[in-house]
Amino acid sequence: MTDEEADALGARLAACPKFRPLPGLRDMQGRTWEQSLLWRWTPSIDRPDLREPATKGIVLALVREAWRDPHASVWYDSEYWQSGNRWSWHAKEHSLCDYDTEAEALVAALEAKS
């Protein structure tokens, strides 16, 4: 994922009504929530970096909370034949596929509930 793609995806995430920064989240400047005072979160300035594993874990926790589904998940389907985009998400009775990255699937899952 390029810096521009990561920034655009972070902007989408920050715009979700169900998103909130939590400890461990990293922004595009590499700062953690604790270091950058993201409690004053400004979506146009501070963007989560979805290339960071901890940030993706936080977003998964927010997806589970938003959908009220402790089993909500994203997965890679190597058998998906329609395109090269093989990431999917599932929460409750909803499921969507065809995302380029795990991070994009997570953001889409949170957007779908917002």
Side-chain angles (χ1 to χ4, degrees):
M1 179 181 317
T2 67
D3 287 346
E4 293 79 20
E5 291 168 334
D7 188 58
L9 196 54
R12 281 177 53 196
L13 177 59
C16 288
K18 299 284 185 181
F19 172 76
R20 68 181 191 284
L22 295 172
L25 180 130
R26 288 199 179 271
D27 67 13
M28 292 296 293
Q29 289 77 41
R31 300 171 299 188
T32 64
W33 180 79
E34 298 86 347
Q35 294 168 330
S36 61
L37 300 177
L38 291 178
W39 55 269
R40 298 185 312 176
W41 187 263
T42 307
S44 61
I45 298 170
D46 300 306
R47 304 234 171 99
D49 188 349
L50 286 150
R51 297 172 293 188
E52 291 288 331
T55 300
K56 287 190 283 189
I58 288 167
V59 177
L60 177 58
L62 291 172
V63 166
R64 289 176 175 170
E65 178 183 284
W67 284 93
R68 294 187 178 139
D69 181 357
H71 305 291
S73 61
V74 297
W75 69 91
Y76 182 79
D77 185 357
S78 61
E79 300 298 318
Y80 190 65
W81 56 272
Q82 293 180 349
S83 72
N85 306 336
R86 297 185 171 111
W87 285 94
S88 304
W89 67 267
H90 176 79
K92 296 251 180 188
E93 66 278 358
H94 303 283
S95 184
L96 290 173
C97 59
D98 205 23
Y99 298 100
D100 290 324
T101 65
E102 177 185 29
E104 186 181 0
L106 284 165
V107 171
L110 199 59
E111 286 173 332
K113 192 57 180 174
S114 296

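No experiment lies behind these values; they were computed from the predicted model shown.
- Here the shortest heavy-atom pairing between Ala72 and Ala91 reads CB-CB, 3.8 Å.
- Under the salt bridge (charged side-chain N to carboxylate O under 4.0 Å, His left out) criterion, Asp69 pairs with no residue at all, not counting sequence neighbours.
- The shortest heavy-atom contact between Ala66 and Leu110 is CB-CD1, 3.8 Å.
- Partners of Arg51 according to the salt bridge (charged side-chain N to carboxylate O under 4.0 Å, His left out) rule, which considers only residues two or more places apart in sequence or in another chain, are Asp3, Asp49.
- Under a hydrophobic-cluster definition in which Ile, Leu, Val, Met, Phe, Trp and Tyr are linked whenever side-chain heavy atoms come within less than 4.5 Å, directly or via other members, Trp87 and Met1 are assigned to the same cluster.
- Residue Phe19 comes nearest to Ala14 through the heavy atom pair CD2-CA, 3.8 Å, listed as atom of the first residue, atom of the second, then distance.
- Listed by chain and residue number, nothing satisfies the salt bridge (charged side-chain N to carboxylate O under 4.0 Å, His left out) test with Lys113 (two or more places apart in sequence, or in another chain).
- The side-chain contact (heavy atoms from CB on, under 4.5 Å) search around Ala61 returns none, not counting sequence neighbours.
- Residues Arg68 and Lys92 are in side-chain contact: their nearest non-hydrogen atoms beyond the backbone lie under 4.5 Å apart.
- The heavy-atom pair separating Leu50 from Ala103 by the smallest distance is CB-CB, 3.7 Å.
- Under the salt bridge (charged side-chain N to carboxylate O under 4.0 Å, His left out) criterion, Glu52 pairs with Arg26, not counting sequence neighbours.
- Considering CZ of Arg86 and CG of Asp100, their distance stands at 11.0 Å, rounded to 0.5 Å.
- Annotation: side-chain hydrogen bond (donor to acceptor under 3.5 Å, both in side chains) contacts involving residues 53-64, sequence neighbours excluded, comprise Lys56-Glu102.
- Minimum heavy-atom separation, Trp89 to Trp75: C-CZ3, 3.7 Å.
- Legend: residues meeting side-chain contact (heavy atoms from CB on, under 4.5 Å) with Ile58, ordered by chain and number and at least two apart, are Leu22, Leu25, Leu62.
- A side-chain donor-acceptor contact under 3.5 Å links Trp67 to the backbone of Ala109.
- The salt bridge (charged side-chain N to carboxylate O under 4.0 Å, His left out) contacts involving residues 5-20 comprise Asp7-Arg47, Arg12-Glu111, Arg20-Glu65, where partners must be two or more places apart or lie in separate chains.
- Residues meeting the side-chain contact (heavy atoms from CB on, under 4.5 Å) test with Pro23, sequence neighbours left out: Trp33, Glu34.
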